[in-house]
Amino acid sequence: MSTLFKPELLYSDGGFTSGAGLLVSAGLVSAGVVTASSDPVAETVDLRGKALLPGFVNTHSHSFQRLIRGQSESRVMSGRDFWSWRGTMYHAAAQLDPQDVYDVARMAFLEMLLSGTTTVGEFHYLHNAPGGRPYDDPNLLSKQVIAAAQSVGIRIVLLRSAYLRSGFELPPDPGQIRFFESGPAFLSSMEALEKEYPADATDVRLGVAPHSLRAVPLREFKEIAAWARERKLPLHMHVAEQIAENEACLREYGATPVALLSREGLLGADFTAVHAIHINTEEIEHLAQSDTTVCSCPTTERNLGDGVIVADQVMGKGIRIALGSDSQAQIDPLEDARELEYHLRLDRQQRAILDQIGKQTLAQRLFDCATIHGASALGVSTGNLKEGSLADFITVDLEDLSIAGQSASDLLPLAVFSLNRSAIRDVVVNGRWVVRDQRHPLQEEIVARYKELHRKLWGSGLPQKTVTQ
Ligand SMILES: [Zn+2]
């Protein structure tokens, strides 16, 4: 038996239709844009005054970094750049016990759900106990993060990260001792996870994430990539986020990260290059030729001063851009989407730079980044409302101040450029309500536990110097 969701406006192919419904059965969309159902309908859900849209996909998240929000915005605390900011991040990472990892992940995932995100790709590299020894179960913290997602009701793709060294010609950084594993230990942990989480599950999926070419030498990266590809798992890696990282790669291998990955035949449709900010025309060509996805994280990249992705050149070559909340400086998928365009506007002193690339409208292009491109990067059938897709969707209140006064034809640009999180009313994952009228049933408990953790970590909030370099 199906459930028919009847909103005032229903998203369909880059626009909105009125008077149509969405039919959901057994967690899947059984028909999108139906005007009358021929199947027996068990229930009709009246969503008058609301629009129904696909849920967003957060392709790149480090949930524990939610704890340093507000703690890394001074030079005293975190220095002046990305490299010194890591000191604050390592300070937080060093102190978390398994319960804390669960509590902060639940807080980040709750905020994602309330921002309309229905699937998260969690790039997880916190593996060892404080002090650096592996836990008896080396997947303990991976499982805590998965359990947090299950508890909150968001779909998770656990991108378990390999972190094998500090960098080329660098001694081990004490701030990273909870991340380090050997290559074989990483693969045996992946194998153990695979046994526990079936590949066809709809709530938990796995992926493989060698952290970066700085943290994973080429030889080990090749072994890990081959392992992932045998199993058809998505492969994600930080690439070209910082110029210093490109320079170190050039010193070690005589090539920049993208050029090296291309030369070694490691890029591909299953590969997602996270950030890809400092890349030249030739490297963009390599990414395009190999059908690689780029995951951009603009709210984090502006927070860290990473730089601006040349989204017009990247998109102009037909490369898919997915989006991630990364450091959780903000959790707002549409803010990430609009920043792809806005950063270029400030830089070029022009407007509508990403409009009409491949004849696509600007709003549709940015909306695709927040939905279908993330879904393909994570290998999950979501991000649209087509028949057979996972029933992941959100509703927005058409009377919300940020979008009131709209028509079916301008709702998409209005939403992409102006929708405030306050407009998001309901969130459905796998056909199951997880947020109804902006309330999540576990919200009070999750926030209370997070506040306790925050107090434990940061005390009264007096600045503690955490800069390491
Ligand atoms: Zn990251």
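Note that ligands are numbered from 1 as they come in the structure, with each ligand's atoms numbered from 1 the same way. In this text the structure is predicted, and so the values were computed from the model without any measurement.
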Test side chain to side chain contact (heavy atoms under 4.5 Å, CB included) applied to E341 and R345, step by step
CA-CA 6 Å; E341 162 74 19; R345 288 190 189 186; 2.6 Å; yes
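- Between H124 and H127, the angle of the ring planes goes over 60°, which puts this pair in the perpendicular group of the 30/60° scheme.
- Looking only at side-chain heavy atoms (C-beta outward), R69 and H454 stay at 4.5 Å or farther from each other.
- Protein nitrogen, oxygen and sulfur atoms, that is N, O or S, within less than 2.8 Å of the Zn ion (ligand 1) amount to 4.
- A perpendicular orientation is assigned to the rings of F179 and Y90, their planes being inclined by more than 60° (bins at 30° and 60°).
- By the 6.0 Å and 45° rule, R229 does not stack over the aromatic ring of W227.
- By the 30° and 60° cut-offs, the orientation of the rings of Y125 relative to F64 is perpendicular.
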